[in-house]
Amino acid sequence: MPELPEVETIRRQLSKKIIGKKLNDKKIAGLRRRAKILIIDFADGSSLVIHLKLTGQLILNGEPSRYTRKVFNFNDGSQLIFNDARKLGWWRKVKETRKIEEKFGPEALEMRFETFKELLQKRPNSKIKPLLMDQKFIAGIGNIYSDEILFAAKVHPLRQVKTLKDKEIQLIHQNIKKILRKAIQYRGTTMQDYRDACGREGDYTNHLQIYQKEGKKCSRCGTIIKRVKLAGRSAHFCPNCQK
DNA sequence: GACAATGTTACAGT
DNA sequence: CACTGTAACATTGT
């Protein structure tokens with residue numbers, strides 16, 4: 001589930017609560033996020049790297065359930081529970097994180113317009129939605145937010161990059177930041193599995209305009225929202241607003 | 001049974 | 001090499 005806003009929500013919540021605690025005698029110095037990966041840094045320079053994939057949860061002092069795959073026990077008796085119904089998520093201890101961090105494109109929230117435009121010019125034949133979701137291209141955007149960003153920018157998800165006008169590239173760039181920031185404010189989106197580190201659902205679900213709204217009316221023009229399959233995923237769009 | 005599901009990656013094909 | 005689409009991973013829910 002978790003895309004950038006969900007992982008960032010967990011990172012911020014855990015930062016307030018577990019920095020300074022010890023895990024296996026190693027003191028937690030800080031928490032970072034790269035793309036959709038959570039990185040817990042220890043004082044000795046090593047790190048614990050966690051990817052929640054589709055259904056992973058990290059809940060502080062939660063109740064273990066049938067989906068609990070790992071319990072991280074801190075020195076003060078508190079616990080971080082890793083639940084993962086589909087078992088696709090993983091965690092790994094590493095000496096250094098450089099190799100992991102290198103694999104990704106620029107962070108979606110930190111990317112300047114010029115950088116975005118230059119990147120797009122390298123992939124003129126790609127369709128815009130799968131490109132936004134390609135972590136080697138831009139880090140942090142997944143299926144939910146790529147739909148929401150393209151709806152906000154009024155760009156059709158199947159548009160080829162080379163057909164995008166400068167104004168449209170600007171709108172996509174602006175809305176990447178606008179939508180992701182707003183989603184972080186609301187602690188992310190819960191479709192089914194996602195929970196924040198306190199075990200709560202994300203409230204951005206109530207602000208979705210297009211994702212999983214097939215058959216409903218577009219909030220801008222009333223046209224019935226459509227869904228198409230591409231790259232094995234669903235893309236939702238308004239056939240009237242998004243050209 | 002069919003289909004879909006927040007992610008990533010390997011592989012086959014164009 | 002660039003790019004696209006599909007399957008696979010493992011499981012639940014409708």
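We use all heavy atoms of the structure for the numbers below, so side chains are in, but hydrogens, waters and symmetry mates are not. Naming convention: chains lettered A, B, ... in sequence-line order (proteins, then strands); numbering from 1 in each chain.
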Exercise. How close or far is atom P of B/dT6 from atom OH of A/Y204, stated in whole angstroms?
Worked result: 16 Å
For this session: Could you please name the option among B/dG7, B/dT6, C/dT4 that lies closest to any side-chain atom of A/K36?
Result: B/dG7
For this session: Look at the side chain of A/R86 and decide which nucleotide, out of C/dC3, B/dG7, C/dA10, has an atom nearest to it.
Result: C/dA10
Exercise. Within the structure, does a side-chain N or O atom of A/R66 lie under 4.0 Å from either OP1 or OP2 of C/dT11?
Worked result: no
Problem set entry | ILVMFWY network linking A/L31 to A/L52, side-chain heavy atoms under 4.5 angstrom | yes
Problem set entry | A/H51, nearest nucleotide to its side chain (from B/dG7, C/dT11, C/dC3) | B/dG7
Seminar exercise, completed: A/Y145 OH to B/dT6 C1', in whole Å, measures 9 Å
Problem set entry | Options C/dA10, B/dT6, B/dT8, nucleotide nearest the side-chain atoms of A/L88 | C/dA10
For this session: Return the nearest nucleotide to the side chain of A/A85; candidates are B/dA4, B/dT6, C/dT12.
Result: C/dT12
Exercise. Taking only side-chain nitrogens and oxygens of A/K136, does any of them come within less than 4.0 Å of OP1 or OP2 of B/dT8?
Worked result: no
Exercise. Taking NZ, NE, NH1 and NH2 as the nitrogens, is one of them in A/K226 or A/E214 under 4.0 Å from a carboxylate oxygen of the other?
Worked result: no
For this session: Would you mind telling me which of C/dT12, B/dT8, B/dT6 lies closest to the side-chain atoms of A/M191?
Result: B/dT6
For this session: Could you please name the option among C/dT12, B/dT6, B/dG7 that lies closest to any side-chain atom of A/M133?
Result: B/dG7
Exercise. Counting side-chain heavy atoms from C-beta on, which of C/dT11, B/dT6, C/dG5 comes nearest to A/K127?
Worked result: C/dG5
Exercise. Partners of A/K103 by side-chain contact (heavy atoms from CB on, under 4.5 Å), sequence neighbours excluded?
Worked result: none
Exercise. Can you tell me how far P of B/dA2 sits from NZ of A/K229, to the nearest Å?
Worked result: 15 Å
For this session: Give the dot-bracket string for DNA chain B, reading 5' to 3', where a pair is Watson-Crick or G-U wobble with both distances under 3.5 Å, ( ) marks pairs inside the strand, [ ] marks pairs crossing earlier ones, | marks a partner on another strand, and . marks unpaired.
Result: .||||.||||||||
Problem set entry | Distance below 4.0 Å between A/Q192 side-chain N/O and C/dT12 OP1 or OP2 | no
Exercise. A/E214 CD to B/dC3 P: how many Å, rounded?
Worked result: 14 Å
Exercise. Between the side chains of A/S47 and A/K93, is a donor N or O closer than 3.5 angstrom to an acceptor N or O?
Worked result: no
For this session: Answer yes or no for A/K70 and A/F82: cation-pi contact, defined as NZ/CZ to six-membered ring centre under 6.0 Å and angle to ring axis within 45°.
Result: no
For this session: Output the single nucleotide from B/dA5, B/dT6, C/dT4 whose closest atom is nearest the side chain of A/R123.
Result: C/dT4
Exercise. More than 12 heavy atoms of other residues, nucleotides or ligands under 6.0 Å from CD of A/E102: is that the case?
Worked result: yes
Exercise. Does A/Q212 have a side-chain nitrogen or oxygen under 4.0 Å from the phosphate oxygens OP1 or OP2 of B/dA5?
Worked result: yes
For this session: Run through the side-chain heavy atoms of Ile, Leu, Val, Met, Phe, Trp and Tyr, join any pair under 4.5 Å, and report what else lands in A/I81's cluster.
Result: A/V71
For this session: Please tell me which of the listed nucleotides, B/dA5, C/dC3, B/dG7, lies nearest to the side chain of A/S234?
Result: B/dA5
Problem set entry | Salt-bridge criterion met for A/D84 and A/K53 (N-O under 4.0 Å) | no
